[in-house]
Amino acid sequence: MGSILVTGGAGFIGSHTCLSLIEKGYEVIILDSLINSKNEVINRIKKICKANNDLLEKNLKFFKCDLREINKVEKIFSEAINGGNPIKGVIHFAGLKSVGESIKNPILYWDVNLISSINLVRVMDKFDCRNIVFSSSATLYGQSSKELLNEETEIKPINPYGTSKYGIELFLDDVFKSTSEIWSIAKLRYFNPIGAHCSGLIGENPVGIPNNIFPLLLDKTYKKKENLKIFGNDWPTIDGTGVRDYIHVMDLAEAHIKILEHITQTKNKNLNLNIGTGKGTSVLELIKIFEKTNNVKVPFEIVDRRPGDAASVVADNQLLKSTLNWLPKLSLEEMCRDGWNWKIKNPFGY
Ligand code: NAD
Ligand code: WQD
């Protein structure tokens with residue numbers, strides 16, 4: 001059958017996707033430098049697999065490796081062939097993702113994000129593995145004022161993290177154009193993934209101080225010491241607070257498998273695909289649903305707008321629907337329930 005390589009598979013979205021892949025019967029190889037994740041996540045994925053089926057945990061291999069070390073990457077591909085299970089497809093999550101850090105250190109972001117992707121594609125090509133699903137981001141659309149963002153919306157990233165993602169998209173387009181008979185590529189533009197696996201054993205584990213709303217909301221609610229700062233209540237939105245398209249990380253995991261299967265079966269694809277629910281939720285609405293679902297109080301205060309923010313970022317997901325005949329299913333209540341379950345079981349992460 002062959003195996004699937006998941007770069008960055010120890011991270012937030014990667015770990016949930018690996019679990020879903022294994023549960024579907026895939027053999028999974030995780031390659032991760034652990035720069036933004038912990039080794040413990042591997043044990044947790046195995047633990048969840050074991051609880052469901054003793055045999056499944058065998059289907060996971062882990063290599064601590066930085067994609068910039070091309071020799072090590074080659075070794076992983078050749079060992080898979082020698083073991084009789086060549087890598088048939090790659091889901092490429094590995095990369096750095098902090099907007100603020102990217103503004104302070106653009107060289108690091110271009111180095112890690114772009115060089116890693118070039119190395120990976122070079123090695124894939126050498127080993128005749130040409131199916132790749134790449135983690136892009138809705139951040140590419142910058143501060144567009146459109147109500148719903150579709151894949152044709154102007155690309156206008158406003159920070160080095162976003163430009164590095166766009167650079168990788170363009171690189172993959174060039175690779176596809178030069179050899180369109182053999183590569184199958186999907187570039188997934190995620191909106192705002194939150195939540196966790198329902199076991200509470202894996203979840204988002206930011207190294208350092210988080211910037212995103214959901215891990216901050218969990219932390220402030222758990223510790224009850226400081227308020228969550230809401231960045232502005234004067235945006236042109238339903239209640240003045242920022243509107244985003246939150247998607248459950250398990251839906252996102254499922255989307256990856258469906259897309260990988262789609263591009264592997266249909267071949268000769270080069271897709272740009274938004275992955276979102278198509279439904280916008282304001283910060284105040286998110287807090288209200290979180291409080292009601294979990295019967296807790298979220299301490300918050302309104303502060304100034306954050307530079308670089310947009311009023312509303314919501315996906316037009318019609319292309320996702322027509323391509324896969326699938327849309328995300330899990331509700332905001334489920335995102336809030338599962339995220340809180342993860343937090344109270346792992347208040348300090350892994
Ligand atoms: P994450 O930081 O939890 O996971 C990324 C993983 O990649 C980490 O485990 C990290 O250790 C690893 N990594 C980083 N550089 C590496 C390298 N050079 N070689 C090997 N491993 C390396 O992030 P995430 O939230 O799971 O995001 C996964 C991907 O999705 C990222 O590419 C991110 O840019 C993209 N994305 C995330 C979001 C989001 O809100 N979480 C939204 C849009 C896009
Ligand atoms: C969501 C909403 C904030 C924090 C970022 C990246 C983007 C992508 C997803 C990777 C906004 C508000 C936030 C806080 C707040 N990541 N907020 N107080 O800005 O949509 O996108 O993550 O690709 O690249 O830029 O997500 O979670 O930071 O913000 O009020 O402490 O919450 O203003 O309206 P964002 P976010």
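Whatever order the structure lists ligands and atoms in, that order sets their numbers, starting from 1. The structure presented is a predicted model; accordingly, all values stated were derived computationally and were not measured.
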Query raised in the report: Closer than 4.0 angstrom: is that true for some heavy atom of K165 and an atom of ligand 1?
Result: yes
Query raised in the report: How close does the nearest protein non-hydrogen atom get to atom 40 (O) of ligand 1, and which residue and atom is it?
Result: P193 CD, 3.4 Å
Query raised in the report: Ring centroid separation for F214 and W342, is it under 6.0 angstrom?
Result: no
Query - Spacing of OG1 belonging to T241 relative to CZ belonging to R305, to within rounding of 0.5 Å - result: 11.5 Å
Query raised in the report: Hey, does C65 sit under 4.0 Å from ligand 1 if you only count heavy atoms?
Result: yes
Report task. For atom CZ of R122, decide whether the heavy atoms of other residues, nucleotides or ligands shown that lie under 6.0 angstrom number more than 12. Result -> no
Query raised in the report: Does a side-chain heavy-atom distance below 4.5 Å link T7 with I30?
Result: no
Query raised in the report: Among H256, H197, M250, E254, whose side-chain contact (heavy atoms from CB on, under 4.5 Å) with S20 holds?
Result: M250
Query raised in the report: Counting only heavy atoms, which portion of S136 has something under 4.0 Å from ligand 1: side chain, backbone, both, or neither?
Result: backbone
Query - Note: K126-E74 ion pair, threshold 4.0 Å (strictly below) - result: yes
Report task. From atom 2 (O) of ligand 1, work out which of L120, L252, I247, N36 has a heavy atom at the shortest distance. Result -> N36
Report summary line: protein heavy-atom neighbour closest to atom 3 (O) of ligand 1 works out as F12 N, 2.8 Å
Report task. Search all heavy atoms of F12 against all heavy atoms of G203 and return the closest pair with its distance. Result -> CD1-C, 3.8 Å
Query - I13 N/O to ligand 1 N/O under 3.5 Å - result: yes
**Report entry** Nearest atoms (heavy-atom pairs only) where A138 meets V313
**Finding:** CB-CG1, 4.4 Å
Report summary line: Residues with a heavy atom under 4.0 Å from ligand 2, by chain and number, are V99, S137, T139, Y161, N192, N211, N212, I213, L216, K229, I230, F231, G242, R244, Y246, V283, R306, D309
Query raised in the report: Which is closest to atom 34 (O) of ligand 1 by heavy-atom distance: F134, Y161, F93?
Result: Y161
Query raised in the report: For ligand 1, is any non-hydrogen atom under 4.0 Å from P206's backbone (N, CA, C, O), its side chain (CB onward), both, or neither?
Result: neither
Requested in this report: Output yes when a side-chain donor or acceptor of N294 lies under 3.5 Å from a complementary backbone atom of V296, and no otherwise.
Outcome: no
Query raised in the report: Purely on distance, is any nitrogen or oxygen of G11 under 3.5 Å from one on ligand 1?
Result: yes
Query raised in the report: Do the side-chain N and O atoms of E101 and Y161 include a donor-acceptor pair separated by under 3.5 angstrom?
Result: no
Query - Candidate with minimal heavy-atom separation from atom 13 (N) of ligand 1, of S135, S33, G9 - result: S33
Query raised in the report: Given the rule that I, L, V, M, F, W and Y join up when any side-chain heavy atoms are under 4.5 Å apart, are Y26 and I13 in one cluster?
Result: yes
Query - Shortest reach to atom 41 (N) of ligand 1 by a heavy atom, considering only R68, R189, K97, E204 - result: K97
Requested in this report: Report yes if D32 has an N/O atom closer than 3.5 Å to an N/O atom of ligand 1; otherwise report no.
Outcome: yes
Query raised in the report: N/O to N/O below 3.5 Å, does that happen between L67 and ligand 1?
Result: yes
Query raised in the report: Is a salt bridge present between K279 and D245, judged by a nitrogen-to-oxygen distance below 4.0 Å?
Result: no
Report task. Give, for atom CD of E169 and atom OG of S164, the distance between the pair rounded to the nearest 0.5 Å. Result -> 11.0 Å
Report task. Report the part of N212 in contact with ligand 1, treating N, CA, C, O as backbone and CB onward as side chain, heavy atoms under 4.0 Å; options are side chain, backbone, both, neither. Result -> neither
Query - Electrostatic pair D309-R306, nearest N-O below 4.0 angstrom - result: yes
**Report entry** Close N or O approach (V112, ligand 1; < 3.5 Å)
**Finding:** no
Report task. Please work out whether any backbone atom (N, CA, C, O) or any side-chain heavy atom from C-beta onward of S116 is under 4.0 Å from ligand 1, and answer side chain, backbone, both or neither. Result -> side chain
Report task. Could you tell me whether ligand 1 has any atom less than 4.0 Å away from a heavy atom of N192? Result -> no
Query raised in the report: How far apart are the closest heavy atoms of V90 and L120, and which atoms are they?
Result: CG1-CD2, 3.9 Å
Query - Aromatic plane relationship, H92 with F134 - under 30° parallel, 30 to 60° tilted, over 60° perpendicular - result: tilted
Query - Proximity winner for atom 5 (C) of ligand 1, if only heavy atoms of G95, G162, A138, G14 are counted - result: G95
Report summary line: Counting from 1 in the order shown, the ligand 1 atoms closer than 4.0 Å to a non-hydrogen atom of S37 are 8 (C), 9 (O), 11 (O)
Report task. Taking N272 for its side chain and K187 for its backbone only, find out whether a donor-acceptor pair lies under 3.5 Å. Result -> no
**Report entry** Element-labelled atoms of ligand 1 that are located less than 4.0 Å from some non-hydrogen atom of L34
**Finding:** 11 (O)
Query raised in the report: For ligand 1, is I35 a contact, meaning one of its heavy atoms is under 4.0 Å away?
Result: yes
